[in-house]
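See below for the structure under consideration.
Each chain gets a letter, A, B and so on, in the order the sequences are listed, and its residues count up from 1.
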Protein chains: 2
Amino acid sequence: MSNIREIAERAGVSIATVSRYLNGSGYVSEKTKIKIQKEIEKAGYTPNALARAIFTKNSRTIALMIPNITNPFFNQMVTAIEDYANKIGYSLFLYNTGDSREKEKECLEVIKSYRVSGIIASRSQCKEEYSEINIPVVSFENHISSSIATVSSDNYNGGKMAFDHLYDRGCRNMLHIKGPRNFEATELRCKGFVDAANKKGIKVDIVEFETDFQVQILEEYLKRIENIKKYDGIFVFNDIAAAVVMKHLKGIGISIPHQVQLIGFDDSFIGELLYPSLTTIRQPIKEIGTLLIELLIKQINREKVEIKDYLLETKLIKRESTL
Amino acid sequence: MSNIREIAERAGVSIATVSRYLNGSGYVSEKTKIKIQKEIEKAGYTPNALARAIFTKNSRTIALMIPNITNPFFNQMVTAIEDYANKIGYSLFLYNTGDSREKEKECLEVIKSYRVSGIIASRSQCKEEYSEINIPVVSFENHISSSIATVSSDNYNGGKMAFDHLYDRGCRNMLHIKGPRNFEATELRCKGFVDAANKKGIKVDIVEFETDFQVQILEEYLKRIENIKKYDGIFVFNDIAAAVVMKHLKGIGISIPHQVQLIGFDDSFIGELLYPSLTTIRQPIKEIGTLLIELLIKQINREKVEIKDYLLETKLIKRESTL
DNA sequence: ATATGATATGTAACAAGTTACATAAAGATA
DNA sequence: TATCTTTATGTAACTTGTTACATATCATAT
């Protein structure tokens, strides 16, 4: 790959002039512009963004850390972020942390070395590791520190809505299948559900799953639940797990929603494709992704950003798995 | 962020010594190593990978272009590639092309500027655009040029297996719902299906869809199919579309597999969660991802790689949507 | 005592770009 | 015509790291 010196030499100008032409900064005469452009095309030259980044101290890259792209929720988030980044000329580094603190730490080291302009963390398991970084960071769901903004949807209210919906449809003997402990969202969904139940003087059962998305493991957990038939309403922490629950219930001859009503969380595309289709709590995924990157870009551009919890509204989507 | 000069000064050595320490190259005394390490920790210094990349001409980054991460097939591919890349210390740039030639071209420009070590293209719509690039490239599904290796699963045989399976289960009046035209895989799946039908002297109908994954648009297309009830077997180009077909059929009171048998393609996780679960043609996604990056890394390391079609075996997964 | 090899470190050139500053020419204004 | 402003270009220093080469020290072998 040729470099700016080569182009300058061939065009018979200095590298400063070529640089000015490339950046549209300073003065370059029309004649010179044409000469330079010709040589650039002849050589198939593309400016080296790495060299540029070293000097300008802005690589125009964003590191996106997610637990697992395979999760429909996260891949929709990635899509929204990629889309936005692309439009404003930023590139995305993708890192799968697999919900592992160790892996997240390792990623962070690599991310630092690439001098990314900003970091989007999601469901972060690290805290102090971020304190030494002087790169703008925004976080999805889990809180990192008091100097990092957190975006999430209103999980607490989501849990509350799930309970109220099931209650309104006549359920009095409910189960909540709770997600893994290290997700803050999990706790809030559960708390919202339980608080709403208490308000009505109803006792609900809670079972905790330690995986969020691996179908086979979810199935294993399900088998351990004793006498699942006794419940008339089940609120599951995400749609994939809800789909697995649905399949399990069908497998033991339980009809949904007549015997058991089922409600998921996220509003993944899968909910619509299930039979019966799944009532769920919608998270505004696209808005979450967009807000995350907007907040990040503002910080990168040194605009003022309020460091706080950004809570986006959840919404109940009524489908066929509830009456 | 501090730099190597600062560390060198603080540790009272030259930058060359610090560089040697960081790279584990050349001699550095134990005493000096300790001094340097102390200063690195004190300053929270991480070497600048961009500067390193300029000199070594290897950024240890890979650009991954995919049509759409939202597609479960592609996100599993990304997972396999990310996993491998991570293990060998490479970082991934992610670009969503949205199956648009224009967007792919734009991405390519950005990718070139970042001097990535290699490119993984998938379902590429470009040809000559790659000829000027002197960066290793591997392609998934669509062919780019005679100098670029292509990895895909055996779509032709997949189509053939789909027909044979439906035929063996008694179907004689079959429909193939074909994917978008610009996917080479689409044509091969169709051809395999049709060729197998011809061999048995059976005529099959073909309907072409122009989207692969947007549920609402898929539903629109479905509504246009006249008298879908007359078929006793439907082979759909992917599992998501098959799920939509299944839902549509259920909606108009058709029982699967008794009235219509259904077979998908890919073996997405969704197939297992449907009711009835979906018979499908499995693509070895993980193997595809791994082979793609293995071939790429070999080329990056200037090892010999055969430039040819790498065809991975497809496999029929029998579930409940066929008899 | 001298030569040889291993260890340790520094200097300076290199990779690719950006930009402050200097300079020069052309055009505009007094 | 003299001066000022605008336009156009170049020089050189700067961003961060790597490495070839030079040099120095020390231990061992002859």
Practice problem: Please report, rounded to the nearest Å, how far the C1' atom of dT16(D) is from the CZ atom of R52(A). | Solution: 17 Å
Quiz item: Once you round it to whole Å, what is the distance between C1' of dT16(D) and CD of E9(B)?
Solution: 15 Å
Practice problem: Round to a whole Å and report the spacing from NZ of K31(A) to P of dA8(D). | Solution: 11 Å
Practice problem: State whether S29(A) places a side-chain N or O below 4.0 Å from either non-bridging phosphate oxygen (OP1 or OP2) of dT9(D). | Solution: yes
Quiz item: OP1 or OP2 of dG17(D) less than 4.0 angstrom from a side-chain nitrogen or oxygen of Y45(B), does that happen here?
Solution: yes
Practice problem: Assign L22(A) to base, sugar-phosphate, or nothing according to its heavy-atom contacts below 4.0 angstrom with the strands shown. | Solution: nothing
Quiz item: Any side-chain donor paired with an acceptor under 3.5 Å for Q76(A) and T79(A)?
Solution: no
Quiz item: When all nucleic acid strands are considered with a 4.0 Å heavy-atom cut-off, which category describes T17(A): base, sugar-phosphate, or nothing?
Solution: sugar-phosphate
Quiz item: dA15(C) P sits how many Å from I4(B) CD1, rounded?
Solution: 18 Å
Quiz item: Below 6.0 angstrom between ring centroids: does that apply to Y310(A) and F140(A)?
Solution: no
Quiz prompt | Value in whole Å for how far the C1' atom of dA15(C) lies from CZ of F55(A) | solution = 16 Å
Quiz prompt | Separation of dT16(D) C1' from N23(B) CG (nearest whole Å) | solution = 13 Å
Practice problem: Using only side-chain N and O atoms of T32(B), determine if any of them is under 4.0 Å from OP1 or OP2 of dT9(C). | Solution: yes
Quiz prompt | Side-chain donor-acceptor contact under 3.5 Å, E141(A) with T150(A) | solution = no
Quiz prompt | I54(B) vs I15(B), nearer the 5' end of DNA chain C by closest nucleotide | solution = I15(B)
Quiz item: Counting only distance, no hydrogens or angles, is the base of dG10(C) paired donor-acceptor with the side chain of R20(B) under 3.5 Å?
Solution: yes
Quiz item: For F93(B), which of I111(B), I119(B), T61(B) qualifies under side-chain contact (heavy atoms from CB on, under 4.5 Å)?
Solution: T61(B)
Exercise. Answer with base, sugar-phosphate or nothing: what part of the nucleic acid does V18(A) contact at a heavy-atom distance below 4.0 Å?
Key: nothing
Quiz item: Looking at R115(B), does any N or O in its side chain come under 4.0 Å of the phosphate oxygens OP1/OP2 on dG17(C)?
Solution: yes
Exercise. Would you kindly give the OH-to-P distance between Y114(B) and dG17(C), to the nearest whole Å?
Key: 14 Å
Exercise. Using the closest heavy atom to pick a nucleotide of DNA chain C for each, name whichever of E30(B) or R5(B) lands nearer the 5' end.
Key: E30(B)
Practice problem: Would you please confirm or rule out a distance under 4.0 Å between OP1 or OP2 of dA8(D) and any side-chain N or O of Y27(A)? | Solution: no
Quiz item: Quick one: do the S100(A) and T97(A) side chains pair a donor with an acceptor below 3.5 Å?
Solution: no
Quiz item: Can you tell me if the side-chain N/O atoms of K57(A) get under 4.0 Å from OP1 or OP2 in dT16(D)?
Solution: yes
Quiz item: In whole angstrom, what separates Y21(A)'s OH from dT18(C)'s P?
Solution: 14 Å
Quiz item: Does N3(B) place a side-chain N or O at less than 4.0 Å from the phosphate oxygens OP1/OP2 of dT16(D)?
Solution: yes
Self-check item: Polar contact flag, side-chain donor to acceptor under 3.5 angstrom, N58(A)-S117(A)
Solution: yes
